[in-house]
Amino acid sequence: MYGSDSASEDLERTAFRKAEKKYKLYYQDTYRTPKKKKQPKPVDLSEVLDFKSILISHNQNAELPSGIAPVRCGLDRPVFSIENRPGFYFIPGALTIEQQCQWIKESLTSFPQPPNRTNHNAFYGSINDLFIAAKERKILVAKENSNSECNPSVSNRDVQGWKFFEEHETSSKGNSRKSISASVLLRKLRWSTLGLQFEWSKRNYDVSLPHKKIPDTLCQLAKKLAAPAMPSSEDFQPEAAIVNYFGLGDMLGGHLDDMEADWSKPIVSMSLGCKAIFLLGGKLREDPPLAMFLRSGDVVLMAGEARECFHGVPRIFTDTENAEIVPLEQQFSHEDDSSFLEYIQTSRININIRQVF
Ligand code: OGA
Ligand code: MN
């Protein structure tokens, strides 16, 4: 090969990248037979900070691990900070089980609705009611130019748009048209944006893009949760939110969120569904990151100096023992909620709320 990619080799060597590799999902390379399910490689979780057990010992007036301090603030539950990470706050179990269910439902039904954008926009344009379509086993089919009808080699240029059809309708049409099932699209939903729309290609907010405001109840909740990271006289103004959807094996690579004008304002980041590992690095990728568990209902705040720290999510856990979603499963046990239950048993959702200006 021509000169191996030295930039990516350098990247491999950073402490952040090493930690990502340590926690990322790999499968055992045992010989795969059709009957044997792929087994994840075991991972050493002994160095992962666990704020659930920190909260339990704090509530029993026991000692906190060195470097972890309780934060005095107006919130009705304990908030912790980390000694050498100023501006970072962890609120274990900040959301009630009802709030978790509510925001999981909204994240799947209303947040991805146009004019809000999702990762599917670039290829498919606006998609309405994806979650319902997946539940009803619908198929998204390309509307093609009439002269490309029945031509199996149509390119995306010939596609005029996409429309959902019932399964039986598509089989009667023959299979010459491009199509994809709604359930695969739902599985491949990676993000949606609320409020001011973030333009990923330009890495910036495009205020001219049409958008719906962040729902008022979510704004009020974010304002309340942001309080520990806000100067006492100021109010947090939620203007944009990014919703991330993770399935098994998905990760969010190390990054900074530096496109907002005022870094003194926190990012309020809520975890829903399966447990994940969060890496909080320093200002350089070379700084070794701290690993911590994020469970459904946990909230983290990143403000001030923490806004300049690399962070990411290298792993989510969907197995019963590690996912830790039993209360959610109970809450979603009603038949009407079976499609939410099915989704969340193998997924994690993160809603992070920002003040842009
Ligand atoms: C982000 C982010 C963290 C998470 O979307 O910028 O850092 O917990 N998300 O998913
Ligand atoms: Mn981020």
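Atoms considered below: every heavy atom in the structure, side chains included; atoms not considered: hydrogens, waters and symmetry mates. Both counts, for ligands and for their atoms, begin at 1 and track the order of listing. A quick note: this is a predicted structure, and the numbers were derived from the prediction, not measured.
- Computed with the Mn ion (ligand 2) at the centre, the D257 OD2 to H311 NE2 angle is 90°, stated to 10 degrees.
- Side chain of N119 to backbone of K188: a donor-acceptor contact under 3.5 angstrom is found.
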Handout entry: Y205 vs F357, ring pair (Phe, Tyr, Trp, His ring centres under 6.0 Å): CA-CA, chis, key distance, verdict
Key = CA-CA 10 Å; Y205 289 93; F357 299 109; 7.3 Å; no
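- The shortest heavy-atom distance from W191 to ligand 1 is not under 4.0 Å.
- Checking side-chain atoms of N350 against main-chain N and O of S271 turns up no donor-acceptor pair under 3.5 Å.
- Look at V313 and you'll find a heavy atom under 4.0 Å from some atom of ligand 1.
- Shortest contact from atom 5 (O) of ligand 1 to any protein heavy atom: N244 ND2, 2.7 Å.
- Using cut-offs of 30° and 60° on the angle between ring planes, the pair Y124 and W162 is perpendicular.
- Of all atoms in ligand 1, numbered sequentially from 1 with element shown, those under 4.0 Å from a heavy atom of L294 are 8 (O).
- Residue contact check: D257 has heavy atoms under 4.0 Å from atoms 6 (O) of ligand 1.
- F90 has its ring centre no less than 6.0 Å from the ring centre of F80.
- A donor-acceptor pair shorter than 3.5 Å can be found between the side chains of E329 and Q345.
- Closest to atom 9 (N) of ligand 1, if we only count protein heavy atoms, is N350 OD1, 3.2 Å.
- Short contacts between ligand 1 and L252, defined as distances under 4.0 Å to a heavy atom of the residue, involve ligand atoms 1 (C), 2 (C), 3 (C), 5 (O), 7 (O), 9 (N).
- By the 3.5 Å distance cut-off applied to N or O atoms, N352 is counted among the residues near ligand 1.
- Nearest to atom 6 (O) of ligand 1 among the protein's heavy atoms is H255 NE2, 3.0 Å.
- Just one of R203, R354, K265 meets the salt bridge (Lys or Arg N to Asp or Glu O under 4.0 Å) condition when paired with E260; it is R354.
- In this model, a donor atom of one side chain and an acceptor atom of the other lie less than 3.5 Å apart for R187 and S347.
- Closest heavy-atom approach to atom 8 (O) of ligand 1 within the set H311, R348, M270, R354: this belongs to R348.
- In summary, the atoms of ligand 1 found under 4.0 Å from a heavy atom of F246, numbered by their order in the structure, are 10 (O).
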